[in-house]
There are 2 protein chains.
Amino acid sequence: MKNQDFINKLRNSGLRPTKQRIKICEALFNTEKTFHFTVNDLAKMMQKNFNEKISLATVYNTLHAFKKKGYVKEISLGNDNSYFDTNISSHHHFYDTKTNELIDIDSSKIELKNIPNPPKGKSIKEIDVVINVENDSQ
Amino acid sequence: MKNQDFINKLRNSGLRPTKQRIKICEALFNTEKTFHFTVNDLAKMMQKNFNEKISLATVYNTLHAFKKKGYVKEISLGNDNSYFDTNISSHHHFYDTKTNELIDIDSSKIELKNIPNPPKGKSIKEIDVVINVENDSQ
DNA sequence: TTATTAGTTTATAATCAGTCTAAAGTAGAA
DNA sequence: TTCTACTTTAGACTGATTATAAACTAATAA
Ligand SMILES: [Mn+2]
Ligand SMILES: [Mn+2]
Ligand SMILES: [Zn+2]
Ligand SMILES: [Zn+2]
C-alpha cells in the first residue's frame, strides 16, 4: 500500500488526509503483520521511525477517529493504559499480566458454546476472551 | 455472619481486624447477593450506609489486601476505573458498555472449547469472558 | 488564483484514578 | 503499661486521558 492509497482511504471515509494522519497510516498499516500498541508507543514510533513529531493530542484524536471508522480496535484490559490493535478481525488474546504482552488468538480457534441470552432489551455487540498467562516459575 | 466472624476471618489471614476493615467486611460480605462496585462506590457506601468515613487510601489498601487474600476479585474492563466483585467464584460477565452495568454469568453456563496452548514457558492463570452488550435501539 | 470556511493540529491546562509519603494512631505481644 | 510493627490518614504526586483555544491547513467557492 502506498501513500496515495491512504489518502484515498482517508478521504473516502470523510477524514481529511493530513500529513499526520497519512504518516500514522503508514506506521500502522504498512506492515507485514498486525500489532498491538499503546498511544505512547505510537507517539514514540512516529518520532523515531518516521521522523515526525506528532502531538500526543493528535495521536489520541487520530486513533479515536480510526477506531470509529473501524481501522483499529481498542482492547479491553484492566490495565492503566489502553491498547490498540491493527488486527481488526474478531479475535481473542493471550495476555501476560506481568509483561503486558498481548498475543492474538484467531477467533476460530476458540469455540464458545451455550452463550446465554443477554438481559432483556439488550443485545450482544462483541465477545472478548482474554486468557491471562504468566511465565512458569521454575 | 456477625462481627466476630469477620474479626476471626481477618485475624486468621494475617490482617489485623481494624475498625475500618471490619466495617468494610460488613458492607461487602453481609449481603444476600454478591455485587460489583468501584472503589468510589464503596467509599461512598461506607459513609452513607455505615456512617463510617474511611479515607480513600484505606479503601484502596483494604481492597488490595482483600484481593490478595482472595476475598474479592478485580474485574478487567477497558474502562477508566476498575471494578471489584464480591463474587469470587470463577465466572464471566455481561457488560453494558453504555451504562457500565455488570451482570454475572455462571462459569458453567459458557463452555469454552479448544482453548489453544499458551505460548511456550507460560501457563494460564485465568480466563475472562466479557460479553459486551447494549440496549436495543428501538 | 485567491478568499473563505470548516476541519485539524498543537501546546498547554485541567481532570481523574490510583499511588506514595510521612506523620499520627492502634492492635498485639511482652 | 510499654513497646513495636502494622495501619490509617490527609495531602502531595503521578500518569493517562480529555478539554481548551489559538494557529494552521485542506477543501471549496469565487
Ligand atoms: Mn480511549
Ligand atoms: Mn488496583
Ligand atoms: Zn489482537
Ligand atoms: Zn461478577
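The structure presented is a predicted model; accordingly, all values stated were derived computationally and were not measured. We name chains A, B, ... by the order of the sequence lines, and we start the count at 1 in each one.
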Using atom [atom1] of [X] as one end and atom [atom2] of [N] as the other, report the distance to the nearest whole Å.
X	N	atom1	atom2	value
A/L63	D/dT18	CG	P	11 Å
A/L10	C/dG7	CG	C1'	14 Å
B/I24	D/dT9	CD1	C1'	13 Å

Would you mind telling me which of [options] lies closest to the side-chain atoms of [X]?
X	options	value
B/R21	D/dT7, C/dG28, C/dT9	D/dT7
B/N81	C/dG18, C/dT8, C/dG28	C/dG18
B/V39	C/dG18, D/dT9, C/dT10	C/dG18
A/I54	D/dT17, D/dA27, C/dT10	C/dT10
B/N61	C/dG18, D/dA16, D/dT9	D/dT9
B/S82	D/dA19, C/dG18, D/dT9	C/dG18
A/Q20	D/dA10, C/dT9, D/dA16	C/dT9

Next on the checklist: Quick check on side-chain contact (heavy atoms from CB on, under 4.5 Å): which of B/D128, B/I110, B/D85, B/V129 does B/H91 satisfy it with?
Outcome noted: B/D85

Next on the checklist: Name the residue from A/T58, A/V39, A/T38 that meets the side-chain contact (heavy atoms from CB on, under 4.5 Å) definition with A/L63.
Outcome noted: A/V39

Checklist entry - With a non-hydrogen cut-off below 4.0 angstrom, is B/T18 in contact with a base, only sugar-phosphate, or nothing? => result sugar-phosphate

Checklist outcome for this item: Walking DNA chain C from its 5' end, the first of B/L56 and B/P17 to be reached, judged by nearest nucleotide, is B/L56

Next on the checklist: Need to verify one output field. Residue with the more 5' nearest nucleotide on DNA chain D, A/R16 or B/K53?
Outcome noted: B/K53

Item to check | Derivation and outcome, salt bridge (charged side-chain N to carboxylate O under 4.0 Å, His left out), residues B/E101 and A/K122 | outcome: CA-CA 12 Å; B/E101 186 187 10; A/K122 299 183 194 294; 3.7 Å; yes

Item to check | Exam field: side chain A/T62 to backbone A/V59, donor-acceptor pair closer than 3.5 Å | outcome: no

Item to check | B/K73 and B/E126: CA distance, side-chain angles, deciding distance, salt bridge (charged side-chain N to carboxylate O under 4.0 Å, His left out) verdict | outcome: CA-CA 12 Å; B/K73 292 184 108 180; B/E126 199 179 20; 2.9 Å; yes

Checklist entry - Is B/R11 near enough to C/dG28 that one of its side-chain N or O atoms lies under 4.0 angstrom from OP1 or OP2? => result yes

